Amino acid sequence: MTTASELRSGKTHRDENFPVASWLIQPRHRALILAFYNFVRTADDIADHATLEAAEKLRYLDLLESELLGQGDSQKEAVILRRALAERSMPPRHALDLLIAFRMDVTKLRYENWDEVIHYCRYSAMPVGRFVLDVHGESASTWTASDALCAGLQVNNHLQDCAKDFKNLNRVYLPRDELAAVGASVEALGLPRATPALLQCLHALAGKTGQLLDQGRPLAAQVKDFRLGLEISVIQAFADRIVRMLKARDPLSERVHLGKGELLAFTLGAVAAETARRAVGQHPISKSVAGA
């Protein structure tokens, strides 16, 4: 039998739009966060596999869940995460929530409205932030801002990859009612560049994403762990830059990802800004949607 590991895309934590267990995180937390990431990445790659049948995808996701819960030892990502969680006496709740999203990826190819997209984010993105906060012993009161930031990151990713998702998986996260409101079609995602109607829809959705990111902006100040606050500030800076690109560019024909130089520049800028903010005890500056 092929293991879930063998179905991995090859993507690692270094290929994400945001840092994962970077040098900013306390070393004692990194192994657990990476175990969580590898489990999630494996499940995500299964759901996105180009040739695997839907029934097989669901079978592998069920297998990962059962082994995460202690029913078998054949899938290394599940076993490693299970043991890492046990060492901290942490439940697998957030990983189980993410598996719900990956099953949705297999069975749900269209989203009717923004609320459905946010419901998907509740399982595909919000558990990631909640998990990292729990690892650091942060209060559940931080979840509200974290949920907004994570949802913004997820929708950024949807907009960046909208053409690829349609062409490779026939999966469209752009809400049908938003497309219909401007007279855009799903099929336009298969074109070399966006039609004016599709571009209008994409830019409007980027504006909504900017609102989510603004709602998540207080998170860095809410967490007690200094190094986690730095990591969150870097993530926020990356997301803000990406959403600015998405508001102005065509993701079908133009670059909407950060280059290595930009990643370094935004990392250094965000670390310096958050360090200074904590030194003087200021609250983070809230940005309007227009300025996000």
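Worth saying up front: this structure is predicted, and the values here are computed from it rather than measured.
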Report task. Measure the spacing between CG of Leu179 and CG of Leu205 and express it to the nearest 0.5 Å. Result -> 7.5 Å
Query raised in the report: Is there a side-chain contact between Leu202 and Leu174 (heavy atoms, below 4.5 Å)?
Result: yes
Query raised in the report: Would you say the side chain of Leu264 lies within less than 4.5 Å of the side chain of Leu268, judging by non-hydrogen atoms?
Result: yes
Query raised in the report: Which word best sums up how the rings of Phe238 and Phe266 line up, parallel for under 30°, tilted for 30 to 60°, or perpendicular for over 60°?
Result: perpendicular
Query - Carboxylate-amine/guanidinium contact Arg255 Glu262, below 4.0 Å - result: yes
Requested in this report: In plain terms, say whether Glu274 and Arg278 are close enough for a salt bridge, that is, a side-chain N and a carboxylate O under 4.0 Å apart.
Outcome: yes
**Report entry** By side-chain hydrogen bond (donor to acceptor under 3.5 Å, both in side chains) - contacts of Glu65 (at least two apart)
**Finding:** Arg103
Query - Arg217 and Asp240 ion-paired at < 4.0 Å - result: yes
Query raised in the report: Going through the distances and angles, do Arg93 and Asp97 end up as a salt bridge (Lys or Arg N to Asp or Glu O under 4.0 Å)?
Result: CA-CA 6 Å; Arg93 57 184 296 191; Asp97 278 351; 5.6 Å; no
Query raised in the report: Are Arg82 and Asp73 side-chain neighbours, meaning at least one heavy-atom pair lies under 4.5 Å?
Result: yes
Requested in this report: State plainly whether one hydrophobic cluster holds both Leu159 and Leu109, where clusters connect Ile, Leu, Val, Met, Phe, Trp and Tyr through side-chain heavy atoms under 4.5 angstrom apart.
Outcome: no
Query raised in the report: Does the side chain of Glu116 reach to within under 4.5 Å of the side chain of Met104, using non-hydrogen atoms?
Result: no
Report task. Assert yes or no for the condition that the ring centre distance of Tyr120 to His158 is strictly below 6.0 Å. Result -> yes
Query raised in the report: Is the closest side-chain heavy-atom distance between Val271 and Leu24 below 4.5 Å?
Result: yes
Query - CG-CG distance between Asp48 and Asn168, expressed to the nearest 0.5 angstrom - result: 9.5 Å
Query raised in the report: Is a side-chain donor-acceptor pair under 3.5 Å present for Ser233 with Gln236?
Result: no
Requested in this report: To the nearest 0.5 Å, tell me how far Leu69 CG sits from Leu64 CG.
Outcome: 11.0 Å
Report task. For the residue pair Glu67 and Ser74, confirm or rule out a side-chain donor-acceptor distance under 3.5 Å. Result -> yes
Query raised in the report: Do Gln154 and Tyr173 touch side chain to side chain, with heavy atoms closer than 4.5 Å?
Result: no
Query raised in the report: So do Arg122 and Ile100 actually touch side chain to side chain, heavy atoms under 4.5 Å?
Result: no
Query raised in the report: Is Arg41 salt-bridged to Asp44, going by a charged N under 4.0 Å from an acidic O?
Result: yes
Report task. Could you tell me whether Arg171 and Asp161 have a side-chain N and a carboxylate O separated by less than 4.0 Å? Result -> no
Query raised in the report: Does the side chain of Asp165 reach to within under 4.5 Å of the side chain of Val172, using non-hydrogen atoms?
Result: no
